[in-house]
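Worth saying up front: this structure is predicted, and the values here are computed from it rather than measured.
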Amino acid sequence: MTPAISIQNLTKSFGDNAVLRGVDLQVQPGEIFALLGSNGAGKTTTINICATLMNPDGGAVLVAGHDVVTQADQVRRSISLTGQFAAVDGVLTGRENVELIANLRRVPDPKAVATDLLARFGLTDAADRRAGTYSGGMTRRLDIAMSLVGTPELIFLDEPTTGLDPEARLEVWRTVTELAHRGTTILLTTQMLDEAEALADRIAILHGGTIIANGTLAELKALFPPATVEYVEKQPTLEEIFLAIIGTKAASRP
């Protein structure tokens, strides 16, 4: 099977700062692949190179079978990018945002495309409201819906849940999982380990400019000695408490 993304010995420096020092990575079609790393590890730089927003200093990067340097136009036709900050125009309505992207991508019948995508992401009732009035979770869902115009083969999600509340995070997680079930390949960067654990088929850790670990969650766990079994009282996390409380309140409404 031809990888959806193939990265070999990727290097990138900014002045004297070598950010990527020989990254090797492969993402298979239809999988959710999580790239983990601390701030400054080079996750966004890797994404930007894969999305043709930045040229590498060295190495080879193929996305959807196309070289990101010599075949950038073909790469752009195959991908979509959702960055750390939503690319949503707050003055336009949700529907107008999606139609704008459909027109830019020259997709037939932008109105029908917008209606379908807004319905898929649970935004039909808010479709004709200004996007600036949306909650964080709604804005992120609209951002991802815009990314799906033209049915790209591959989506890059750069820290998609940064700044979202727990409910909105779960909304985005459900969206990402649904996309993968539909066959979309997703490369996701995150600093949230629970996010990678919940979503990813495979996980890579980027540190010091290279990939220092790569595999499924089970394979990464196997790198450590077997856990000692102890019986302890499990206390709920604050996130679990928050979600339980708001769930109870929502259920009690008339």
Check your understanding: Per the side chain to side chain contact (heavy atoms under 4.5 Å, CB included) rule, which among Asp57, Leu206, Ile211, Thr210 passes with Leu20?
Key -> Leu206
Minimum heavy-atom distance between [X] and [Y], given as atom pair plus value:
X: Gly208; Y: Arg21; answer: O-CD, 3.1 Å
X: Thr184; Y: Pro152; answer: CG2-O, 4.2 Å
X: Ala127; Y: Thr93; answer: O-CB, 3.4 Å
X: Gln26; Y: Arg202; answer: O-NH2, 2.6 Å
X: Glu219; Y: Thr216; answer: OE1-N, 2.8 Å
X: Cys50; Y: Val75; answer: O-CG1, 3.7 Å

Approximate separation, where rounding is to 0.5 Å, of [X] [atom1] and [Y] [atom2]:
X: Leu123; Y: Asp128; atom1: CG; atom2: CG; result: 11.5 Å
X: Met54; Y: Phe14; atom1: CE; atom2: CZ; result: 4.0 Å
X: Leu35; Y: Ile7; atom1: CG; atom2: CD1; result: 8.0 Å
X: Ser80; Y: Glu153; atom1: OG; atom2: CD; result: 12.5 Å
X: Leu217; Y: Leu199; atom1: CG; atom2: CG; result: 12.0 Å
X: Gln8; Y: Asp24; atom1: CD; atom2: CG; result: 7.0 Å

Check your understanding: Under 4.0 Å between a Lys/Arg side-chain N and an Asp/Glu carboxylate O for Arg174 and Glu178?
Key -> no
**Study point:** Salt bridge present between Lys43 and Glu159 (N-O < 4.0 angstrom)
**Key:** yes
Would you find a donor on one side and an acceptor on the other, under 3.5 Å apart, between the side chain of [X] and the backbone of [Y]?
X: Asn103; Y: Glu99; result: yes
X: Arg141; Y: Phe121; result: yes
X: Asn9; Y: Gly59; result: no
X: Thr139; Y: Ser135; result: yes
X: Asn17; Y: Ser13; result: no

Find out whether [X] and [Y] are in side-chain contact, i.e. whether some heavy atom of one side chain is under 4.5 Å from a heavy atom of the other.
X: Thr185; Y: Pro29; result: yes
X: Thr189; Y: Thr46; result: no
X: Asn214; Y: Leu25; result: yes
X: Leu154; Y: Ser78; result: no
X: Leu148; Y: Ile155; result: yes
X: Glu195; Y: Arg169; result: yes
X: Pro56; Y: Val69; result: yes
X: Leu36; Y: Thr190; result: yes

Point to revise | Check against side-chain contact (heavy atoms from CB on, under 4.5 Å), Val172 and Leu157 | key: CA-CA 11 Å; Val172 173; Leu157 299 176; 5.9 Å; no
Exercise for review: Dump the intermediate steps for side-chain contact (heavy atoms from CB on, under 4.5 Å) on Leu100 and Asp89, then the final yes or no.
Suggested key: CA-CA 10 Å; Leu100 173 63; Asp89 189 325; 5.7 Å; no
Practice item. Show the numbers, then the answer: is there a side-chain contact (heavy atoms from CB on, under 4.5 Å) between Val68 and Asn55? Key: CA-CA 8 Å; Val68 297; Asn55 284 334; over 6 Å; no
**Study point:** Arg120: partners by salt bridge (Lys or Arg N to Asp or Glu O under 4.0 Å), with sequence neighbours left out
**Key:** none
With hydrophobic residues grouped by side-chain heavy-atom distances under 4.5 Å, do [X] and [Y] end up in a single group?
X: Val88; Y: Val98; result: yes
X: Val113; Y: Leu92; result: yes
X: Met138; Y: Val149; result: yes
X: Ile186; Y: Ile49; result: no
X: Leu53; Y: Met146; result: no

Check your understanding: Would Thr82 and Arg140 count as a side-chain contact (heavy atoms from CB on, under 4.5 Å) if you check the C-alpha gap in whole Å, the side-chain angles of each, and the deciding distance to 0.1 Å?
Key -> CA-CA 9 Å; Thr82 298; Arg140 205 43 155 166; 3.2 Å; yes
Review point. Got more than 12 heavy atoms from elsewhere within 6.0 Å of CZ, Arg105?
Key: yes
Check your understanding: Between Thr115 and Arg95, is any side-chain donor less than 3.5 angstrom from a side-chain acceptor?
Key -> yes
